[in-house]
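Just below is one structure, and these are the notes that go with it.
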Amino acid sequence: MSEDRERVLRMALKAVLVAAQECCVDIDELTELAIQSMYGEQLYNPEDVVEASTAIEVAVDALPVIH
């Protein structure tokens, strides 16, 4: 994947997570559900799931704290 494409996808993921956070969605629960849904999908390569799960967790950890 090109660096530009990866940068755009990371930006999109962050924007979706921030929007969910602003809508009072429990981000930890959302993260867990997203990761579990990938593990439950047999079409996904398990190595890709691990990498995607890590990417989600890194993005969540980088979110600003909204009170």
Side-chain angles (χ1 to χ4, degrees):
M1 181 181 317
S2 76
E3 288 181 30
D4 288 340
R5 179 84 173 138
E6 184 174 339
R7 180 180 46 78
V8 168
L9 289 173
R10 287 183 191 277
M11 183 175 66
L13 174 58
K14 182 178 179 181
V16 168
L17 290 171
V18 168
Q21 192 175 37
E22 289 175 354
C23 290
C24 300
V25 171
D26 183 325
I27 297 300
D28 292 330
E29 183 177 351
L30 178 64
T31 299
E32 185 64 28
L33 287 169
I35 291 170
Q36 290 305 315
S37 72
M38 288 187 294
Y39 279 111
E41 179 58 59
Q42 294 180 353
L43 297 176
Y44 293 139
N45 177 321
E47 292 174 11
D48 292 341
V49 171
V50 170
E51 195 171 330
S53 298
T54 300
I56 292 170
E57 290 170 345
V58 167
V60 168
D61 289 344
L63 290 176
V65 178
I66 296 177
H67 299 285

Enclosure of Glu41 CD (heavy-atom neighbours >12, cutoff 6.0 Å) = yes
- Query: Taking a hydrophobic cluster as the set of Ile, Leu, Val, Met, Phe, Trp and Tyr residues connected by side-chain heavy atoms closer than 4.5 Å, whether directly or through intermediates, do Leu13 and Leu63 fall within one such cluster?
  - Reply: yes
_Regarding Arg10 and Glu6, does a basic nitrogen lie under 4.0 Å from an acidic carboxylate oxygen?_
yes
Grouping ILVMFWY residues whenever side-chain heavy atoms fall under 4.5 Å, the cluster of Val8 otherwise contains none
Got a list of side-chain donor-acceptor pairs under 3.5 Å for residues 51-59, not counting sequence neighbours?
unit_1 : atom_1 : unit_2 : atom_2 : d
Ser53  : OG     : Val49  : O      : 2.8
Thr54  : OG1    : Val50  : O      : 3.0

Excluding Met11, membership of its hydrophobic cluster (Ile, Leu, Val, Met, Phe, Trp, Tyr; side-chain heavy atoms within less than 4.5 Å) reads none
_side chain to side chain contact (heavy atoms under 4.5 Å, CB included) between Gln21 and Leu17, worked out_ = CA-CA 6 Å; Gln21 192 175 37; Leu17 290 171; over 6 Å; no
Crowded around Tyr44 OH? As in, over 12 foreign heavy atoms under 6.0 Å?
no
Hits for side chain to side chain contact (heavy atoms under 4.5 Å, CB included) against Asp48, two or more places apart or cross-chain, chain-then-number order -> Asn45
Contacts satisfying side-chain hydrogen bond (donor to acceptor under 3.5 Å, both in side chains) that involve residues 23-35 (not counting sequence neighbours) are Glu32-Gln36
Applying side chain to side chain contact (heavy atoms under 4.5 Å, CB included) to Glu22 and not counting sequence neighbours gives Val18, Ile66
